[in-house]
**Q** 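Quick one: structure below, then a few questions.
Since the model is a prediction, treat every value here as computed from it, not as a measurement. Counting starts at 1 for both ligands and their atoms, in listed order.
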Amino acid sequence: MKDTTSQPIRTTCPYCGVGCGILVTPGPEGVTVAGDPDHPANFGRLCSKGSALAETLGTEGRLLTPLIGGRTSGWDRALDLIARRFTRTIAEYGPDSVAFYGSGQMLTEDYYAANKLMKGFVGSANIDTNSRLCMASSVAGHIRAFGSDTVPGLYEDFELADLVVLVGSNLGWCHPVLYQRLLAAKEARPALRVVVIDPRRTATCDIADLHLPITPGSDAALWNALLVEIDARGLGQWRNRVAGYDEALAAARAGSRDCGTDLTAFIEMWCSTERVVTAYSQGINQSDSGTDKVNAILNCHLATGRIGRPGMGPFSVTGQPNAMGGREVGGLANTLTCHLSLDDPAHRSAVQSFWNSPRIASRPGLKAVEIFEAIEDGRIKALWVMGTNPTISMPEADRVARALESCDFLVASDMVSTGTTRRADVVLPAAPWGERSGHVTNSERRISPQRAFLPPLGLARADWQAIAGVAQRMGFAGFDWADADAVFAEFKALSGVAGTLGADFDISGLSGDVPALWGNRPDGRFFGDGLFHTQDGRGRMIAVTPRAATPQMRLNTGRIRDQWHSMTRTGRAPRLNAHIAEPFVEVHPKDAARLGLAPAGLAAVENRHGRAILRVLVTDRTAPGQVFAPIHWTEANAPSGRVGALVPGAPDPVSGQPALKEASVTLSPFRAAWFGFAASARPFTPACDYWATARFAGGLRAELAGTAPPSDWEDYARTLFGLPGAEAAVLTDRARGLMRLSLSEGGILMAALFCAAQPVALSRKTVCDMIGQPAPAILTGQPPVGRADPGPTVCACLGVGRNTIRDAIRDGRCGDLGSLGRELGAGSSCGSCKPELRALLATMLEPVPSA
Ligand SMILES: Nc1nc2c(c(=O)[nH]1)N[C@H]1C(S)=C(S)[C@@H](COP(=O)(O)OP(=O)(O)OC[C@H]3O[C@@H](n4cnc5c(=O)[nH]c(N)nc54)[C@H](O)[C@@H]3O)O[C@H]1N2
Ligand SMILES: Nc1nc2c(c(=O)[nH]1)N[C@H]1C(S)=C(S)[C@@H](COP(=O)(O)OP(=O)(O)OC[C@H]3O[C@@H](n4cnc5c(=O)[nH]c(N)nc54)[C@H](O)[C@@H]3O)O[C@H]1N2
Ligand code: SF4
Ligand SMILES: [Mo]
C-alpha cells in the first residue's frame, strides 16, 4: 500500500502574538499538528489552542462562494460590483467617503495590498484595523518615546531577567507559551521573581511572587510613584541622555494617587533589580489614557537605561498573530508603511514613486471608532471589513451593528457567516489558516511564514487576491501579483527604500522562508546604546498626569484560556469547549450577596448602551465593585452574552484606542422561571430568553433559561431538536424538582433535555457521552454507578476534569504538579492548564484553619 503520510509542513500558529512554529503532517485521517522544535518562539511547545488546531479544520459552516445580497455569486460578478460601487462613491463624494476596516489576523501580504490600494490609489488613509482596539496605545507610546514603533527586546529577555513584571497581562492564558518559557526559567533559577499587576487575581498570578490588585486604572499613578523613587535613589542614570526627564519627574511628583494597595515591596524590587522586564498588554492599552500609561512604564525604563540589553526592557506583548506585521506595512490610519511617517513629504513621495501611484494620502484617516461614527452620519458610504467582526468586538457593539446596517455599501470578507457578513451587501469567502500562504510578525519582531497545506475550500480565496482583483477592476496598475511570494517580494523591496530614508524597518535582505528577526542589530535588541529614532536621537520621557475615573460597578472584560475571540475557529474543537462552555460574569461574594445574585444563577448586566445575561460565578478573584466577563460569545452561540454591547466608545485621545476594560454597569438577578440543559446529536438553535450552545464530540449542548415555561415540554423538545417523530420518554423527578426528557430514534438516544426551577445540577459530560448511544431505560444525568463525574475539563489535551483532579489530591495520590502528570496525565502535554492545576493544589493543600 502506498504511504499516504508525507513530510511535515512548517507553518505558524494563527492565534496569539507569541507566534509559535507548527509542524503540520498530512495523513490518511486528516492532519496532525505538533510544535516545531526548531522555531525560536516556542522550541516545540504549543498551548491548548495550538494543540487543538487540527480539530478546527472542519468544513461545517464555511462560506463557499461569494454572496451578493445573500445570494450565491461568482467572483467576477462580486468583484465587478465592489469595484463599481467604490469607484462611483469616490467619484461622487471623494476618496474619504470610502473606508477599509481590517484585522491583525490578516497576513502581511493582505495588509500590504489593502494599504497600497487605500493610501496610494484611492488616496485616503481611511484604513484602520482591529489593532486600534488592541495595540494602538503601545504604538503611540513607542512613537512618542522612541521616535518609532519599535519593540526593543526579545522573548529571551523574559528568561534572562531577574525580575519580570506583568502588568495588565494575563500571560498564562493569553500568551501561554511565553508564560511557559518564563515558568521554566523561574523553575531553573528561583531567583527570577515575577510580579503581576492586575485588579483581578488571574491564573497568571499562580507563579507570582507578588500580586498587586491595584485599583483599576491606577497604573499611571503606580509607575509615576516608581519614577519618583528611582530619582530619589539616584537610579536615573540616563537623566541627561534622554529628553524630558525633569518634566516627567515633576508630573510624577505632582500626581501622586492611591493605587489601592501597598507599593513598597514592588518599588523595592524594581529599584534593586537591574535586569527587569516590564511586559504589558490590554490592562494598559485598552484605556481612555492608555498611551499615557504606556509612557509611564517606558519612562521608568528610559530613566534607568534598563532597555535593549539582555534581560531588561519594556515589552509590549502583542495580541494577534500579525498585529506587528500590520504595523510594519502601515495598516493603521495614522501610519504610512515600513515605519515611514505619513506626515513627512519626503517619505510620502518616496512611497508614491515606488508604487507609481496617482496620489498618496497626506493626512491621517479615520480611526476605528471614528469610522463607524462616520458611517452613522453619512460621511462614509462604502466600507470593506476583512478578518474581524465589529458587531462583537467594537465598543457599543449594538450601535456599530446598526451603523453597518445603515451603510450604503458594505463588503465583508470572512471564512464563516458572522454578525458582520449577515449585514453585508457583498460577502467574500476567505481562505483561512491552512489554505493560504504568507507571513506574520510576532511580538519580538520575528517574521515567520504561514504555509498552505490544504486547497482552498469551495471558491474561497486568499484575502490579498480579493483586494488585488478589486484594485485591478478599479483601473489601478501594480496589483497583478502572480502569488503571495510576489506581494512579499514587493514589500521587501519597498522596505529597502524605507531603509535608505533612515527607517529601522528594512527587510530587503530577508529570505522570508525561515523565521527571522528584523532589525540590523548585533544581538537583536534596540536602544541599549541610548540611540533612538527621534530627530535628536534621544529617547523621550513624557510627563504623565494620571486620570482618575473608576466607575461604581466596573465591568472589566477579557479572555479565557481555550477560546479565541469570537470562537469561529476554537469553538469548533470539542476539547476547547470543555474548559468553559458558557459566558459568565465573575462577581465578588460581597456584591453577590448585596445584589441577590446566586452562584450559578443568571445576572442581567446592563447600562445605557446595552444588556447581557450572564452566568454568575461568585469568586474572590475579583474585588468588590468590579466584575469581569469574557468577550468570546456572539449571536451565533449566545445572543445575550455579547459583552461588547455594554462597553462605551470612549477612546484614548492620543491613540484612539477605546477603553474596553472600563464600563459602568448595574447587575440584577435575571428571574428565570425555568433553567435547562440540552444535548443533541444534531445541531439545533434554541429559542428562549437565555441560551448558550457549545459543541461536544458527539453533537451540540446548550444551557437554557426562560421567564415562562412552555405549556408542553414534549412539544417544546421535539421542536427544539427538530425530532417530530422520535420516541419520547419524560420523567419528572419530584425529589430533585427535575424534568428529564429523552428523544430516541431506532433505540439510539438522539437528544436529552433536563429542566428545573433552579439552575440544573447534573453531570454535563455524562449526558453528552450518552448521546448517540443506545437509549437508556432511565435518563439520569448522573454518572453510572462506579464511575465518577470528572467535572469540567481542566486539562484539555488529556481530557482530565476538575473533580478527578480534586479527588486525586484529596485522597493523597497527588500532591504536586509532577504527580498529577504521572498519575492522571494532567498538565503533561501542552501545559496550558498548569496555572489552574497549581491553583487547585494550593487551595486543597492549604492547612484547614482549626475551629
Ligand atoms: N486564550 C486566548 N488568548 C489570546 C486571545 C484570546 O482571544 N484568547 N487574544 C489575543 C489578543 S488579540 C490579545 S490583544 C491578547 C490580550 O492579552 P491580555 O491583555 O493578557 O488579556 P485580557 O484578558 O484582555 O486582559 C489582561 C488583563 O488586564 C486586566 N486589567 C483590566 N483592567 C486593568 C487595569 O486597569 N490595570 C491593569 N494593570 N490591569 C487591568 C484584566 O483583569 C485582565 O486580566 O491575548 C491574545 N491571546
Ligand atoms: N470588550 C472588549 N472588546 C474587545 C476586547 C476586549 O478585551 N474587551 N479586545 C479587543 C481586541 S484586543 C481584539 S484583537 C478584538 C478581536 O475581535 P475580532 O477581530 O472582531 O475577533 P475575531 O473573532 O478574531 O474575528 C476574526 C474574524 O475573521 C475571520 N477569519 C478567520 N480567518 C480569516 C481569514 O483568513 N480571512 C478573513 N477575511 N477572515 C478570517 C473569523 O472567522 C472571524 O470572524 O476584540 C477587541 N474587542
Ligand atoms: S501560545 Fe498558543 S495560541 Fe499563542 S502562538 Fe503559541 S500555540 Fe498559538
Ligand atoms: Mo488583540
Side-chain angles (χ1 to χ4, degrees), residues 14-18 47-49 63 102-107 110 129-135 166-176 196-204 212 214-219 222 279-287 293 317-321 323 385-395 397 412-421 428-433 435-436 460 462-463 466 550 554-570 622 626 628-632 634 643-647 657-663 832:
Y15 299 125
C16 83
V18 178
C47 75
S48 49
K49 294 182 296 302
L63 290 168
S103 161
Q105 294 166 73
M106 288 160 63
L107 301 183
D110 309 323
T129 84
N130 64 0
S131 284
R132 185 68 59 194
L133 314 179
C134 182
M135 303 313 305
L166 301 171
V167 43
S169 155
N170 186 6
L171 203 77
W173 277 12
C174 294
H175 299 90
V196 175
I197 305 175
D198 193 313
R200 215 162 49 102
R201 197 175 73 241
T202 61
T204 303
L212 296 180
I214 58 166
T215 306
S218 64
D219 302 85
L222 179 148
Y280 57 94
S281 186
Q282 302 315 349
I284 292 294
N285 293 336
Q286 288 173 342
S287 147
K293 289 180 183 168
V317 269
T318 54
Q320 299 175 92
V385 178
M386 182 175 279
T388 177
N389 179 6
T391 66
I392 69 128
S393 52
M394 282 291 293
S413 298
D414 206 296
M415 57 178 271
V416 292
S417 164
T418 70
T420 301
T421 64
L428 299 176
W433 186 80
E435 297 173 18
R436 39 89 153 134
D463 289 314
T550 299
R554 185 217 200 216
L555 172 67
N556 173 6
T557 61
R559 291 152 172 83
I560 60 170
R561 190 190 80 190
D562 286 355
Q563 296 296 347
W564 176 263
H565 299 164
S566 66
M567 298 188 191
T568 61
R569 280 176 302 197
T570 44
T622 190
Q626 301 174 36
F628 173 84
I631 59 173
H632 306 287
T634 67
V643 300
L646 294 160
V647 178
Q657 178 158 0
L660 296 164
K661 302 238 179 295
E662 186 105 19
S832 297

**Q** Do you know the tightest heavy-atom contact between L133 and Q282?
**A**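 Smallest heavy-atom distance, with atoms named: O-OE1, 4.4 Å.
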**Q** Geometry only, no angles: is Q286 polar-contacting ligand 2 at N/O separations under 3.5 Å?
**A**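 Such a contact does occur with ligand 2.
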**Q** Is there a polar contact between ligand 1 and G217, counting only N or O atoms under 3.5 Å apart?
**A**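 Checking ligand 1 against G217, an N or O pair does fall under 3.5 Å apart.
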**Q** Where does C16 meet ligand 1, judged by heavy-atom distances below 4.0 Å: at the side chain, the backbone, both, or neither?
**A**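 Under 4.0 Å from ligand 1, C16 contributes side-chain atoms alone.
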**Q** S287 and side chain to side chain donor-acceptor pair (under 3.5 Å): which partner among K661, K293, E662?
**A**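 The option that passes is K293.
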**Q** For atom 30 (N) of ligand 1, find the nearest protein heavy atom and state the residue, atom name and distance (0.1 Å precision).
**A**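 Protein heavy atom with the smallest distance to atom 30 (N) of ligand 1: G283 CA, 3.6 Å.
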**Q** Below 3.5 Å, N or O to N or O, backbone or side chain included: is there any such pair between S218 and ligand 1?
**A**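 Looking only at distances, the answer is no, because the N/O contact criterion of under 3.5 Å is not met.
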**Q** Quick one: does W564 get an N or O within less than 3.5 Å of an N or O on ligand 1?
**A**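 Such a contact does not occur with ligand 1.
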**Q** Does an N or O from C174, backbone or side chain, lie closer than 3.5 Å to an N or O of ligand 1?
**A**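 Looking only at distances, the answer is yes, because the N/O contact criterion of under 3.5 Å is met.
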**Q** Judging by distance only, is a nitrogen or oxygen of Q282 under 3.5 angstrom from one on ligand 2?
**A**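 Not met; the criterion fails.
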**Q** What do we get for W173 next to ligand 1 when only non-hydrogen atoms under 4.0 Å count, side chain, backbone, both or neither?
**A**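 The backbone, only.
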**Q** Taking N or O atoms only and a 3.5 Å limit, does D219 qualify as a polar contact for ligand 1?
**A**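 There is such a contact, yes.
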**Q** Who's closest to atom 14 (S) of ligand 2 heavy-atom-wise, of H632, M135, E662, Q320?
**A**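 Going through H632, M135, E662, Q320 one by one, Q320 has the nearest heavy atom to atom 14 (S) of ligand 2.
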**Q** Say whether D562, considering both its backbone and side-chain N or O atoms, lies within less than 3.5 Å of an N or O atom on ligand 1.
**A**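 No: no nitrogen or oxygen of D562 is under 3.5 Å from one in ligand 1.
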**Q** Polar-atom distance check: I560 versus ligand 1, any N or O pair below 3.5 Å?
**A**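 By distance alone, the answer is yes.
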**Q** Using heavy-atom distances only, which candidate in P432, A466, A462, A397 approaches atom 33 (C) of ligand 2 most closely?
**A**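 The nearest heavy atom belongs to P432.
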